[in-house]
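Notes follow once the structure below has been shown.
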2 protein chains.
Amino acid sequence: MNNLISDPSLTLARTRLRGTGARVTPARVRVLAVLMEAGQPLSHHEVEQILSPAAELDRVTLYRVLDWLVQQRLAHRVAGSDRAWRFSVAGDQPSLEARGGLKAGGAKVMHERHAHFHCNDCGKVYCLDSIDAKALNVPVPIGYRPETLELTVKGYCAHCN
Amino acid sequence: MNNLISDPSLTLARTRLRGTGARVTPARVRVLAVLMEAGQPLSHHEVEQILSPAAELDRVTLYRVLDWLVQQRLAHRVAGSDRAWRFSVAGDQPSLEARGGLKAGGAKVMHERHAHFHCNDCGKVYCLDSIDAKALNVPVPIGYRPETLELTVKGYCAHCN
DNA sequence: CCATCAATTGCAACCCAGTTGCAATTGATG
DNA sequence: CATCAATTGCAACTGGGTTGCAATTGATGG
């Protein structure tokens with residue numbers, strides 16, 4: 001009737017949003033629910049596709065909602081190699097340092113450390129959760145202050161291989 | 001008088017280009033020379049800036065020359081997080097598999113394995129040559145065929161820190 | 001229950017990286 | 001030095017993303 005988003009997801013999304021203390025709008029609820037149901041990072045366009053069967057959502061509003069979700073740390077923004085951002089729900093447990101719990105010495109710690117697989121054929125992006133990017137411990141030259149780490153493997157996914 | 005490109009670089013570039021057997025045009029020579037002189041991957045725009053004091057080079061031509069250099073394996077294309085490609089000269093020794101010398105079993109080997117540092121402030125990209133991405137040996141799920149690997153550290157460079 | 005108002009949304013117009021089609025130019029070759 | 005495919009320049013276009021602004025709306029206090 002309405003769309004491809006399940007009721008439980010919508011409810012869960014609403015709950016998460018209320019947790020931020022900010023306004024809980026239909027746009028935010030539906031976009032977050034879509035991200036929660038997707039098993040992979042979605043581009044702006046992909047979210048639009050999933051949303052479209054139901055009520056319309058302005059292009060710009062969608063961009064803004066996605067940005068907002070990232071700001072609220074409810075989502076992560078991952079850079080694909082096709083110059084289009086992808087968005088995925090953040091883990092249920094926002095990292096401590098992200099919430100200001102670990103600011104010892106003012107030293108920032110790298111977060112968002114997991115890797116992605118980008119299919120050169122279909123263009124889809126998959127999270128490689130198995131990879132412990134934390135273990136990489138990439139050394140940077142003196143004077144450089146690393147903040148985040150992005151590890152992307154490009155190739156062909158199981159479907160396109 | 002003319003521009004910021006040194007004569008030796010131009011000559012070296014010309015030699016490298018002749019090695020491809022393809023046409024040696026001023027555009028190709030100058031662009032390759034610019035990449036050779038830059039110590040870091042340059043965006044289309046950055047190359048344009050360096051080139052501009054001298055003769056003009058059409059935007060489109062520059063894009064095409066850069067693409068061509070990558071095709072010829074004289075340059076690498078690296079994806080920055082600001083959805084703009086960067087280009088850097090390829091090492092003096094193109095990897096064997098790149099030249100068809102190592103096609104055993106038809107299995108492709110990952111190449112272009114070094115990492116980059118992207119400054120969140122000034123936007124410049126630096127090569128982290130010290131990092132041996134080869135050592136990462138990233139595991140992907142069965143059925144997935146990895147080809148290239150991109151490791152980008154984002155943060156603040158020595159200048160902006 | 002409703003008025004209020006800042007936060008959010010929709011719209012239109014815009015920016016920027018990159019691409020395409022095509023006619024004019026040019027490097028290598030015989 | 002004539003030839004011609006490869007290369008260049010131009011103009012117009014695509015697609016992701018942004019900005020300014022007026023209209024709408026969720027939470028709040030009364």
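We use all heavy atoms of the structure for the numbers below, so side chains are in, but hydrogens, waters and symmetry mates are not. Chain letters run A, B, ... following the sequence lines, proteins first and then strands; every chain starts at 1.
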Margin query: Once you apply a heavy-atom cut-off of 4.0 Å, does H45(A) come out as touching a base, just sugar-phosphate, or nothing?
Written below: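 Since no nucleic acid heavy atom lies under 4.0 Å of H45(A), the category is nothing.
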Notebook entry, point to check: Within the structure shown, what part of the strands sits under 4.0 Å from R28(A) by heavy-atom distance: base, sugar-phosphate, or nothing?
Noted result: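 Answer is sugar-phosphate: R28(A) comes under 4.0 Å of backbone atoms only.
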Look at the side chain of [X] and decide which nucleotide, out of [options], has an atom nearest to it.
X      : options                   : result
R23(B) : dG26(D), dG21(C), dA5(D)  : dA5(D)
V65(A) : dT8(D), dG10(C), dT9(C)   : dT9(C)
V24(B) : dT18(D), dA28(C), dG10(C) : dA28(C)

Margin query: Please report the distance, rounded to the nearest Å, between OH in Y63(B) and P in dC16(C).
Written below: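 Those two atoms, OH and P, are 11 Å apart.
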Next item on the list: Whole angstrom is fine here: how far is it from CZ in R86(A) over to P in dG17(D)?
Entry: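 For the pair R86(A) CZ and dG17(D) P, the rounded distance is 9 Å.
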Next item on the list: Taking T61(A) for its side chain and L57(A) for its backbone only, find out whether a donor-acceptor pair lies under 3.5 Å.
Entry: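 A pair under 3.5 Å: no.
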Notebook entry, point to check: Per the end-axis method with five pairs at each terminus, what is the bend angle of the helix from dC1(C)-dG30(D) to dG30(C)-dC1(D), to 10°?
Noted result: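 The angle, to the nearest 10 degrees, is 30°.
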Notebook entry, point to check: Using a distance-only test with no angle check, is there a side-chain donor-acceptor pair under 3.5 angstrom linking E46(A) and S43(A)?
Noted result: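 E46(A) vs S43(A): donor-acceptor pair found between side chains.
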Checklist line | Heavy-atom donor-acceptor pair, R59(A) side-chain to dG16(D) base, under 3.5 Å | finding: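 No, the side chain and the base share no sub-3.5 Å donor-acceptor pair.
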Next item on the list: Return the 5'-most residue of the pair A22(B), T25(A) with respect to DNA chain D, ranking by each residue's nearest nucleotide.
Entry: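 Here A22(B) is the residue nearer the 5' end.
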